[in-house]
2 protein chains.
Amino acid sequence: MSSAITRVQVQYFEALLKAGSFATAAHTLHISQPALTMQIQRLEALVGGALVNRASRPVQATPLAQKLLPHLLEVLRRFEDLEDAIADQQEHLKGHLHIATIPTIAPYLLPTILPKLVDAHPDIQMDIEELPTEQLLEAILQERVDVGIMALPISHSLQHLDILPLWTERLRVYHLEGACQSALTLDALKKWPTYLLAQGHCLRDQVLGLCDPAVSAQRQGMHYQSGSLETLMRLVDHQGGITIIPDMARNQLSQVHQTTKTSAITSELAQRQIVMVYKQTLQKKRLLEALRLGTLSYLSPHA
Amino acid sequence: MSSAITRVQVQYFEALLKAGSFATAAHTLHISQPALTMQIQRLEALVGGALVNRASRPVQATPLAQKLLPHLLEVLRRFEDLEDAIADQQEHLKGHLHIATIPTIAPYLLPTILPKLVDAHPDIQMDIEELPTEQLLEAILQERVDVGIMALPISHSLQHLDILPLWTERLRVYHLEGACQSALTLDALKKWPTYLLAQGHCLRDQVLGLCDPAVSAQRQGMHYQSGSLETLMRLVDHQGGITIIPDMARNQLSQVHQTTKTSAITSELAQRQIVMVYKQTLQKKRLLEALRLGTLSYLSPHA
DNA sequence: TCTTTATATAAGTTTTTGTTATTATGAGCA
DNA sequence: TGCTCATAATAACAAAAACTTATATAAAGA
């Protein structure tokens, strides 16, 4: 009886494709290059054809390999699910959690909560990544990222995803000291030239719904779109005009500036809901719960 | 570094649960009982808890095992998908195809086409099973059965399933010789006492839509519901009345009886579509195609 | 209590997987 | 074309793993 495909063979093959050469793949796997060669050869024998073209550099998956790759990866992902489910049964929290957040949340939330989380759960290894909403959701669906911390509304399809609401925060106007009254209507808002985030930021799209796009994008021939709220605020400081920031960013300001440089917006639209998003099949429920609790500590820093 | 869960461990565990004892499971796996014991112990060590209660007979999955079982089985099913996909790439057709049909198709279709199929593809191992529609669909969803040959309409949800139409056949009246004219309207049909298949047969439900239920079920204090069309026809032969049979069953009759003992029904409702049903994720596309071609040979037996 | 029946353990063998040393191959370039 | 460098394949051997038979141990029924 010819033996069957094993997990290691598939793992090695994935590593080989990722590394691009036998030698470096073997190195990352902490085995010798011949050992890797043998397992790949065995896998190829079982598959009944070549899987990598050794001639090209980096080594390339053959057409056969490309057809089988989804199934090969599926096997590995399901093994990982199994092991996640096992870890989820243990009382001691441990494991790996790959977290990603959108750029308008990352700089405010993560530095605050991560130290506490790492402290509370020393055996959870957390990987952090910053991605725009669209790419983040794709990464979750491809199981490259476990959980995303992001903001509703989301235009992307939510199939296969679970949404866990964290809290809602208001959007506010950031302006020169005393330049606006303490609360603006949407109509009043539309009169101001507004600095926008670069395309792909979900907050940009939301802000565009609040402001007059004609006024927003350009001012005095300048068309500056930044990827960070900090930059936009510095722009306002030097050039005047306004930008829209969420509470998270406002909380970073000094007590005085929070009142003199920001104003409320009197509209239900001027808020966003912070949520956790993860694939429905994700098994790390206890890690997720730990993250949720840690995240909520942002609201009550002294608890 | 502690080693990881392997495929064989999970395979052995599945076999253990299926067999109910270490000794018999080891026997079906063609290994010794201590070998099985060792692998299960290793798996339990990796999982961090007992998986089977050895005291009870048959051995029972612990609560922990029950929680993990879906993930364990998922791993095995995805390995099988991988291997199916591999077999699907080879030019020579081989593999395992688990076919199931409903009872009103099985006795007419399979004996006709199976010999041809087995002849044409000697390396395809076919397992046949007979199941009512509901259970058949569940078996397909659980991946216990690869493909079902059944009849539309289906009331069950078709989520995750693909439907491949084969052909449409008419339903006809079976009666005593010369007892009816050659074609009956639905109204004429409702006047006859009709023998019905037992509950759970999809043809029964369809027939109930054609006949008068009040007349159908009971006659002369008799309430006979059979699981086979053959029995119903013998009942008609001895007791009079009618029953509804599909073309498949009619084709089994002698040329003479096909005209003297059966009548057409002048209604668009008096037909059913024969289809192949399989899970969307099924990889054995070429085996499926072979089955489809073989099945269609039922229509043109001399081809 | 004594069988009976089943799983666990022990000791030794085979198979598999891995290592190091060496050879073969193929791409890039004079 | 032939040389050189980088990289993978092969050979020979070592370590680890998985399996075997024989035996011990535990639980259930007579």
Side-chain angles (χ1 to χ4, degrees), chain A residues 1-65 72 75-76 79 83, chain B residues 1-65 72 75-76 79 83:
Chain A
M1 187 148 182
S2 71
S3 74
I5 297 172
T6 67
R7 180 183 186 178
V8 272
Q9 285 160 10
V10 184
Q11 285 177 318
Y12 286 11
F13 181 64
E14 185 189 35
L16 172 58
L17 289 189
K18 203 176 281 179
S21 92
F22 281 71
T24 62
H27 186 254
T28 63
L29 290 167
H30 305 296
I31 58 170
S32 66
Q33 169 260 312
L36 176 62
T37 292
M38 289 166 76
Q39 291 298 347
I40 298 296
Q41 283 176 338
R42 176 177 288 264
L43 182 60
E44 287 180 321
L46 291 168
V47 165
L51 289 174
V52 287
N53 176 6
R54 277 98 162 150
S56 72
R57 210 152 310 286
V59 294
Q60 233 180 349
T62 62
L64 175 62
L72 291 161
V75 165
L76 296 182
F79 261 116
E83 284 162 343
Chain B
M1 189 147 183
S2 70
S3 74
I5 297 173
T6 67
R7 180 183 186 178
V8 271
Q9 286 160 9
V10 185
Q11 285 177 317
Y12 285 10
F13 182 64
E14 186 189 34
L16 172 59
L17 288 190
K18 203 175 281 180
S21 92
F22 281 71
T24 62
H27 185 255
T28 65
L29 290 167
H30 306 295
I31 57 169
S32 66
Q33 169 261 312
L36 177 61
T37 292
M38 289 166 76
Q39 289 299 346
I40 297 296
Q41 283 175 339
R42 175 177 286 265
L43 182 60
E44 287 179 322
L46 290 168
V47 165
L51 289 173
V52 288
N53 175 5
R54 278 97 162 151
S56 72
R57 210 153 310 287
V59 294
Q60 238 182 344
T62 62
L64 175 61
L72 292 161
V75 165
L76 296 183
F79 262 116
E83 284 162 343

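Hydrogens, waters and symmetry mates are skipped; everything else that's a heavy atom, side chains included, is used. Note that this is a predicted model, so its numbers are computed, not measured. Here is how names work: the chains are called A, B, and so on, in the same order as the sequence lines, proteins then strands, and each is numbered from 1.
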Trainee: Quick one: does NZ or CZ of A/Arg7 land under 6.0 Å from the six-membered ring centre of A/Phe79, within 45 degrees of the ring axis?
Mentor: yes
Trainee: Expressed as a whole number of angstroms, how long is the span from A/His30:NE2 to C/dT19:P?
Mentor: 11 Å
Trainee: Round to a whole Å and report the spacing from NE2 of B/His27 to C1' of D/dC19.
Mentor: 16 Å
Trainee: Rounding to a whole Å, what distance do you find between B/Ile40:CD1 and D/dC19:C1'?
Mentor: 15 Å
Trainee: Please report, rounded to the nearest Å, how far the C1' atom of C/dT16 is from the CD atom of B/Gln9.
Mentor: 15 Å
Trainee: In whole angstrom, give the distance that lies between atom CD1 of B/Ile31 and atom C1' of D/dT20.
Mentor: 11 Å
Trainee: Please state whether the phosphate of C/dG18, meaning OP1 or OP2, lies under 4.0 angstrom from any side-chain nitrogen or oxygen of A/Gln39.
Mentor: yes
Trainee: Let's go through B/Val52 and B/Thr62 carefully: what are the C-alpha distance in whole Å and the side-chain angles of both, what is the deciding distance for side-chain contact (heavy atoms from CB on, under 4.5 Å) to 0.1 Å, and is it a yes or a no?
Mentor: CA-CA 5 Å; B/Val52 288; B/Thr62 62; 5.6 Å; no
Trainee: Look only at the side chain of B/Gln9 and the backbone of B/Thr6, and say whether a donor-acceptor pair between them is shorter than 3.5 Å.
Mentor: yes
Trainee: Can you spot which of B/Leu51, B/Leu16, B/Asn53, B/Ile40 makes a side chain to side chain contact (heavy atoms under 4.5 Å, CB included) with B/Val59?
Mentor: B/Leu16
Trainee: Is the phosphate of C/dT17 approached by A/Arg42 (side-chain N or O, under 4.0 Å from OP1 or OP2)?
Mentor: yes
Trainee: Take atom OH of A/Tyr12 and atom C1' of D/dA8, then tell me their distance rounded to the nearest Å.
Mentor: 17 Å
Trainee: Protein within reach of the bases, or only the backbone? For nucleotides 1-9 of chain C, mark each nucleotide 5' to 3' as B, S or -, using heavy atoms under 4.0 Å.
Mentor: -----SBBB
Trainee: Quickly work out the A/Asn53 CG to D/dA8 P distance and round it to whole Å.
Mentor: 12 Å
Trainee: Considering the terminal five base pairs at each end of the helix from C/dT1-D/dA30 to C/dA30-D/dT1, what angle separates the two local helix axes, rounded to 10°?
Mentor: 30°
Trainee: Atom CZ in B/Phe13, atom CD in B/Gln39: separation rounded to 0.5 Å?
Mentor: 13.5 Å
Trainee: How would you label the contact of B/Ala35 with the nucleic acid (heavy atoms, under 4.0 Å): base, sugar-phosphate, or nothing?
Mentor: base
Trainee: Is a donor from one side chain sitting under 3.5 angstrom from an acceptor on the other, for A/Thr37 and A/Gln41?
Mentor: no
